[in-house]
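Presented below is the structure to which this report refers.
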Amino acid sequence: MSPRTQLVRDAQQLDHACVQALIDRQLPEGGWPFNSSTAQAAVEPTALALLALPSTSVRERERAIRFLFQIQNPNGSWPAFLGDGPEGSGFTGLVVYALTRSAAGGTTTDRAIHWLLQSRGWESHWLWKWKFRTTDRHVRFDPDKFGWPWMPATVSWVVPTSYSLLALEDGISSSQDALLQLRFRLGVGMLYDRICPQGGWNAGNGVVYGIPLAPHPDTTSIALLALRGVPLNAFVTTSLDWLERRARFCSAPWSLAWAILALTAFRRTTQTLITRLASVVESDEVADCATLAVASLALNSANGLNAFGANS
Amino acid sequence: MKFDRRTFLAGSLGLAAGATTSLLALPKYHVNRRRPRSRVAILTAESYSEDLERILWHGLNLFHLDIRGKSVLIKPNLVDYIPGNHVNTHPLLVCAAAEGFRRLGAKTVLVSEGPGHQRDTELVLIESGFANQLHQQRIPFVDLNRDELFERRLLASYTGMKSLWLPRTILESDFVVSMPKVKAHHWSGVTLSMKNMFGVVPGTKYGWPKNILHWKGIQESILDICATVPVHFVIADAIIAMEGNGPLNGSARRLNRIILADDPVAADATCARLMGLDPDRIVHLQAGAQFLGNSLVARIDQLAETVCFPEMPFQTVPEFEYLRLKSDTERRP
């Protein structure tokens with residue numbers, strides 16, 4: 001058996017184990033908590049688990065979808081967790097993406113996209129734009145380039161912007177909606193604007209008080225996945241190169257799994273990373289359901305199945 | 001007396017002004033934790049070594065703490081891992097504290113934190129050496145960013161927010177120990193035991209970073225959080241502190257000290273003095289001294305070494321230059 005075949009077989013076996021663990025941890029209402037020792041369903045692990053479950057897990061997927069439908073806010077957004085307020089969270093884009101991939105879109109996701117098009121980082125407001133241009137200039141960024149916040153009444157950050165771009169990407173090629181096109185373009189522009197000088201992304205800014213910030217592997221990977229539909233450019237390739245170097249000495253399953261998904265989407269080699277992820281996940285009891293779901297997605301990508309697709 | 005329209009208008013304006021003044025004069029806190037006196041112990045520690053356990057045990061015994069049967073939660077300052085930068089509370093000090101509380105008879109001791117920027121808490125734990133140390137000492141860790149959440153009414157109203165979602169682990173702990181890294185901070189002036197409590201606000205709800213707290217005012221948020229989540233004890237890591245552009249990219253500054261206290265305001269005021277900064281000019285310390293603890297030298301019993309001001313105050317970013325005590329007269333307690 002070739003090393004590649006062995007790798008795929010090991011990854012498949014471990015992926016089955018991850019999927020089974022996810023099934024075991026699904027809460028009665030259909031969602032997943034972050035930590036398996038708690039019973040509060042949260043939106044991010046639920047959306048990621050929905051993406052990770054194979055199509056054969058019909059009953060579990062249906063329950064997850066029903067749960068997400070039930071907790072959608074009246075304004076079309078999603079809360080961060082069960083019991084959260086109705087104002088909407090930065091995870092809304094990820095839920096739209098997961099439901100669309102599960103062929104469960106329709107009116108529910110249309111309402112969410114409508115909300116996403118209205119939601120914007122506060123730096124887009126003329127008053128704050130003026131403030132960031134005149135009195136508050138310690139963070140280097142262009143407030144004309146804005147994306148999405150974690151919660152209303154705050155500025156844009158990389159992860160909620162990337163999740164929102166993933167949600168909007170399906171409409172980009174088919175829709176003539178000018179606002180959708182504009183928001184997508186601005187969101188991509190925001191990511192390029194906030195990139196770290198060495199490539200990759202920190203939580204939201206690249207330079208603060210004149211000092212370059214260090215990129216984070218998970219944030220960088222999610223941003224790259226959001227950018228896989230745009231033509232390759234220097235921002236993307238520099239960030240991919242940085243991620244490739246950083247992933248070599250990363251052994252935390254969450255970051256490693258996201259890095260594998262991003263690098264696979266851009267057709268970079270990930271065999272050694274998958275082997276390392278397999279050993280980390282196997283030896284460790286992964287209590288966090290979101291991490292378990294991303295690990296499952298990453299292991300599945302060894303088999304050529306990337307839930308986030310590939311760069312065209 | 002003639003009661004015409006002009007009198008009515010003047011009277012109404014007077015009443016409105018009076019009401020507004022009374023409202024502004026009302027205290028913004030609904031709890032008072034300030035005791036008549038507070039206790040602080042400044043201990044010398046030359047390095048991060050196994051010897052910390054002995055030094056800390058000696059320090060803890062000065063306080064005669066009764067924590068038998070209590071659940072102790074240690075909240076270090078764990079922000080991000082940047083090789084070469086002294087960003088986080090040192091893991092050896094955190095483990096020495098955990099061992100000390102176990103020896104004092106705590107029912108449980110756990111370490112928990114919700115990093116503000118880095119979403120992958122496990123990555124920070126692994127790369128900063130925490131994961132290894134905690135594993136070796138069998139100390140459990142809870143990621144507060146991903147814990148079960150409950151909404152709690154705030155016990156102060158400096159931000160104007162009515163409530164905050166807080167992690168179950170912090171709400172269920174009997175004895176909360178804030179373990180800050182002593183640092184200058186480019187947004188808040190300093191980050192000490194009170195600012196360290198930002199880490200209990202969960203990222204799942206408020207994002208990475210917890211940007212809403214910045215928009216509501218960092219100093220105001222510190223006060224609301226500390227009013228709502230009581231800090232029972234402080235162990236501050238000032239063996240190697242940080243000056244300048246903290247909390248991530250400042251320069252290392254050796255103080256060779258650990259500061260223990262049974263009051264977060266007294267702890268932070270003492271740390272500020274050790275940094276050569278004026279605690280009365282730090283907004284959250286000045287306001288916190290009204291209801292969260294004591295900042296006045298006269299109300300603080302120093303159980304170990306006395307406060308000595310550094311010859312050169314800590315560097316800050318230009319916006320917080322005014323915190324520095326510049327002359328000998330200013331530095332005299």
Side-chain angles (χ1 to χ4, degrees), chain A residues 33-35 37-40 42-45 79-85 89-91 121-122 128 138 149-160 202-205 208-214 216-219 222 249-256 258 280 284 286-291, chain B residues 79-85 87 115-127 131 135 140-151 161-163 165 167-169 185-187 202-216 244-250 317-319:
Chain A
F34 272 109
N35 195 309
S37 66
T38 68
Q40 186 176 56
V43 156
E44 193 179 30
F81 52 90
L82 186 60
D84 186 15
S89 77
F91 300 110
W122 253 22
W128 305 121
H138 297 304
W150 280 111
M151 59 183 299
T154 57
V155 295
S156 318
W157 298 94
V158 173
V159 171
N202 192 284
N205 300 296
V208 178
Y209 265 97
I211 305 285
L213 297 184
H216 293 159
D218 57 340
T219 310
I222 297 169
F249 55 92
C250 173
S251 55
W254 169 265
S255 289
L256 192 55
W258 276 114
V280 174
D284 245 21
V286 179
D288 185 81
C289 294
T291 303
Chain B
V79 192
D80 204 342
Y81 176 69
I82 304 175
N85 288 14
V87 173
H117 274 77
Q118 174 60 267
R119 293 187 79 212
D120 192 348
T121 306
E122 198 174 351
L123 182 76
V124 189
L125 284 170
I126 293 170
E127 298 190 338
H135 181 73
F141 179 88
V142 175
D143 183 354
L144 297 176
N145 280 332
R146 296 180 169 203
D147 200 5
E148 194 170 354
L149 304 179
F150 293 92
E151 195 172 20
M161 292 165 85
K162 295 270 181 290
S163 62
W165 286 87
R168 173 194 279 272
T169 307
H185 192 291
H186 57 215
W187 303 134
T204 299
K205 168 67 186 170
Y206 299 100
W208 288 262
K210 297 140 190 188
N211 193 219
I212 190 76
L213 304 181
H214 293 199
W215 282 94
K216 295 287 180 188
N245 184 13
L248 294 173
N249 292 298
V317 293
E319 285 77 2

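Note that this is a predicted model, so its numbers are computed, not measured. The basis for the numbers below is simple: all heavy atoms, side chains too, and nothing from hydrogens, waters or symmetry mates. Per chain, numbering begins at 1; letters A, B, ... match sequence-line order.
- The two residues A/H216 and B/Q118 have their closest heavy-atom pair at CD2-NE2, 3.2 Å.
- Between A/M151 and B/I212 the shortest side-chain heavy-atom distance falls below 4.5 Å.
- Considering CD of B/E148 and CZ of A/F81, their distance stands at 10.0 Å, rounded to 0.5 Å.
- Separating the CD atom in B/E122 from the CG atom in A/D288 is a distance of 8.5 Å, to the nearest 0.5 Å.
- Both the backbone and the side chain of A/S251 come within contact range of chain B, with heavy atoms under 4.5 Å apart.
- For A/W258, no part lies near chain B; criterion is any non-hydrogen pair under 4.5 Å.
- For B/W208, the parts sitting under 4.5 Å from any heavy atom of chain A are the backbone and the side chain alike.
- Remark: B/K210 NZ to A/T154 OG1 distance equals 14.0 Å, nearest 0.5 Å.
- Interface remark: A/V208 contributes backbone and side-chain atoms alike to the contact with chain B (heavy atom separation under 4.5 Å).
- The shortest non-hydrogen separation linking A/F249 to B/E127 is O-OE2, 3.8 Å.
- A/Q40 contributes a side-chain N or O that, together with a main-chain N or O of B/L149, makes up a donor-acceptor pair within less than 3.5 Å.
- Heavy atoms of A/V155 lying under 4.5 Å from chain B belong to its backbone as well as its side chain.
- For A/I222, the part lying near chain B is the side chain, with the backbone staying farther off; criterion is any non-hydrogen pair under 4.5 Å.
- Considering only heavy-atom pairs separated by less than 4.5 Å from chain B, the leading option among A/L213, A/D218, A/T219, A/N35 is A/D218.
- Two residues are said to be in side-chain contact when any heavy atoms from C-beta on lie closer than 4.5 Å; A/T291 and B/D120 fail this criterion.
- Looking at A/P217, only its side chain comes within 4.5 Å of chain B, counting heavy atoms on both sides.
- Using a 4.5 Å cut-off between heavy atoms, A/L256 makes no contact with chain B at all.
- A/S255 touches chain B through backbone and side chain together, each having a heavy atom under 4.5 Å away.
- Contact count versus chain A (heavy atoms, under 4.5 Å) is highest, among B/L248, B/V317, B/I82, for B/V317.
- For A/W157, the part lying under 4.5 angstrom from a heavy atom of chain B is the side chain only.
- For a residue to count as touching a neighbouring chain, one of its non-hydrogen atoms must lie under 4.5 Å from one of that chain's; by this rule B/N249 touches chain A with the side chain only.
- Put simply, NZ on B/K205 and CG on A/D84 are 3.5 Å apart, with the number rounded to the nearest 0.5 Å.
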Q.
With side chain to side chain contact (heavy atoms under 4.5 Å, CB included) as the criterion, how do A/F34 and B/T204 come out once you've worked through the C-alpha distance, each side chain's angles and the decisive distance to 0.1 Å?
A. CA-CA 9 Å; A/F34 272 109; B/T204 299; 3.5 Å; yes
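- At least one side-chain heavy atom of B/D147 sits under 4.5 Å from a side-chain heavy atom of A/T38.
- The structure places OH of B/Y206 at 14.5 Å from CH2 of A/W150, a figure rounded to the nearest 0.5 Å.
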